[in-house]
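The block underneath contains the structure these notes are about, expressed in structure tokens.
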2 protein chains.
Amino acid sequence: MKADAVRGHLDGLLLAVLEQGPLHGYAIITAVQRRSGGALELRTGTIYPALNRLERLGLLSSSWQSAGERRRRCYELTDAGRATLAGERAAWDEFTAAIGSVLNPGARPGLAT
Amino acid sequence: MKADAVRGHLDGLLLAVLEQGPLHGYAIITAVQRRSGGALELRTGTIYPALNRLERLGLLSSSWQSAGERRRRCYELTDAGRATLAGERAAWDEFTAAIGSVLNPGARPGLAT
DNA sequence: AGTGTATGTATTGGCAGCCAACACATTCAG
DNA sequence: CTGAATGTGTTGGCTGCCAATACATACACT
């Protein structure tokens, strides 16, 4: 997987992993990595600015938590974030349909292998 | 469809539309637009530099043709271009699988709606 | 004769957005 | 006491597409 393949789809990824519950930044990275089967390895320079932006947009809310001496900033989906996530999923489907139909003109979706 | 959604996938699109035969730049734009159902509208500032790059890489070959008084530059896939196209298709499948598995963790491919 | 639209190729400046590199702190294993 | 894992964060830079621009021919309409 080339390095900046997530370009333009990062917001959806972040919102998606937060759908099932609050996570802190480091856990988001590992969650994305695990759910993609190791294909997607986000960097801190990628997600922290993005998380801040999403919070500023009102799609996430954050709160500091202490696990022992550690401080963690936990991010949580807002209602607006949930709505945006639905939009991102729809946009993803349109996007893959558009590119896919050019890349594989004869292919029909839903056909196994 | 957001403006620069094709970022990172342009080469595959260009190679794919040239698979079925030579086309000139303007025809490539309309072919991509048609095959994507109108979703993808490439600009000249996007494809001409890309076509030059692909030719420089040996994936395309070009030749000037005259239709009446009009001059057209026709691009054709080389064998290397065909091989690269196969690689781009494989990369696309990996890419959609990776993003898709994060975006829709429960979804299983091949399942209609 | 003039205007608009379609066809056709090509270059340039700008910028969004991600990454690499860096900086710093705590915890625990060896 | 050193290294790896855990944890948050910033900054500079580059890739790669787009918008704007330029120019040319052909044809329909008025």
Side-chain angles (χ1 to χ4, degrees), chain A residues 1-15 17 22-34 36 39-57 60 62-75 88 91 95 98-99 102, chain B residues 1-15 17 22-34 36 39-57 60 62-75 88 91 95 98-99 102:
Chain A
M1 185 71 55
K2 79 177 63 168
D4 63 359
V6 304
R7 187 178 281 268
H9 309 285
L10 179 61
D11 292 7
L13 297 182
L14 297 178
L15 297 175
V17 294
L23 288 175
H24 59 281
Y26 195 82
I28 290 175
I29 292 177
T30 58
V32 168
Q33 190 173 1
R34 180 176 46 79
S36 67
L40 263 32
E41 299 189 9
L42 305 180
R43 308 310 165 104
T44 64
T46 299
I47 69 156
Y48 285 118
L51 290 170
N52 285 331
R53 195 185 71 247
L54 293 176
E55 184 174 18
R56 221 166 41 240
L57 291 173
L60 301 179
S62 72
S63 59
W64 285 99
Q65 295 192 344
S66 296
E69 280 308 311
R70 290 269 182 68
R71 63 194 183 106
R72 290 173 173 174
R73 191 170 179 178
C74 268
Y75 294 90
E88 292 280 352
F95 170 70
I99 303 285
V102 176
Chain B
M1 187 68 55
K2 81 176 58 168
D4 64 357
V6 304
R7 184 177 285 266
H9 309 285
L10 179 61
D11 293 6
L13 297 181
L14 297 178
L15 296 175
V17 293
L23 289 175
H24 59 279
Y26 195 83
I28 289 175
I29 293 177
T30 56
V32 168
Q33 188 172 3
R34 181 175 46 78
S36 67
L40 263 30
E41 300 190 9
L42 304 180
R43 308 307 165 103
T44 65
T46 298
I47 68 155
Y48 286 118
L51 290 170
N52 286 332
R53 196 186 69 248
L54 293 176
E55 185 176 18
R56 220 166 42 238
L57 292 172
L60 301 178
S62 73
S63 59
W64 285 99
Q65 296 191 345
S66 295
E69 281 307 311
R70 292 267 182 70
R71 66 193 179 106
R72 291 173 172 176
R73 191 170 180 179
C74 268
Y75 294 90
E88 292 279 352
F95 170 71
I99 303 285
V102 176

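Lettering follows sequence order; numbering is per chain, from 1. Atoms considered below: every heavy atom in the structure, side chains included; atoms not considered: hydrogens, waters and symmetry mates.
Here the side chain of B:Tyr26 is nearest to one of C:dG8, D:dG16, D:dG7, namely C:dG8. Residue A:Val6 has its side chain nearest to C:dC18 when only C:dA10, C:dC18, D:dT10 are considered. When distances are taken from the side chain of A:Arg70 to each of C:dT7, C:dT9, D:dG7, the shortest belongs to D:dG7. Of the candidates D:dC17, C:dT9, D:dT15, D:dC17 carries the atom nearest the B:Thr46 side chain, counting heavy atoms from C-beta on. When distances run from any side-chain atom of B:Thr44 to the nucleotides C:dC18, C:dA6, C:dA10, the shortest one goes to C:dA10.
Rounded to whole Å, atom C1' of D:dT25 lies 18 Å from atom CD of B:Gln65. Counting to the nearest Å, the P atom of D:dT6 and the CZ atom of A:Arg72 are 10 Å from each other.
Contact annotation for B:Leu10: backbone-only contact, meaning every heavy-atom pair under 4.0 Å involves sugar-phosphate atoms and none involves a base. Counting non-hydrogen atoms under 4.0 angstrom, A:Arg43 reaches the backbone sugars and phosphates but no base. Using a 4.0 Å heavy-atom criterion, one finds that B:Arg73 contacts the sugar-phosphate atoms exclusively. Residue B:Gly25 is classed as a sugar-phosphate contact, given heavy-atom separations below 4.0 Å to backbone atoms only.
A:Ile99 is listed as a side-chain neighbour of B:Leu40, based on a closest heavy-atom distance under 4.5 Å. A:Leu13 is not listed as a side-chain neighbour of A:Ile28, based on a closest heavy-atom distance of 4.5 Å or more.
Relative ring orientation between B:Phe95 and A:Phe95 is described as perpendicular, the plane-to-plane angle rising above 60° on a 0-90° scale split at 30° and 60°.
Taking the charged nitrogens against the carboxylate oxygens, A:Asp11 and A:Arg53 do have a contact shorter than 4.0 Å, which makes a salt bridge.
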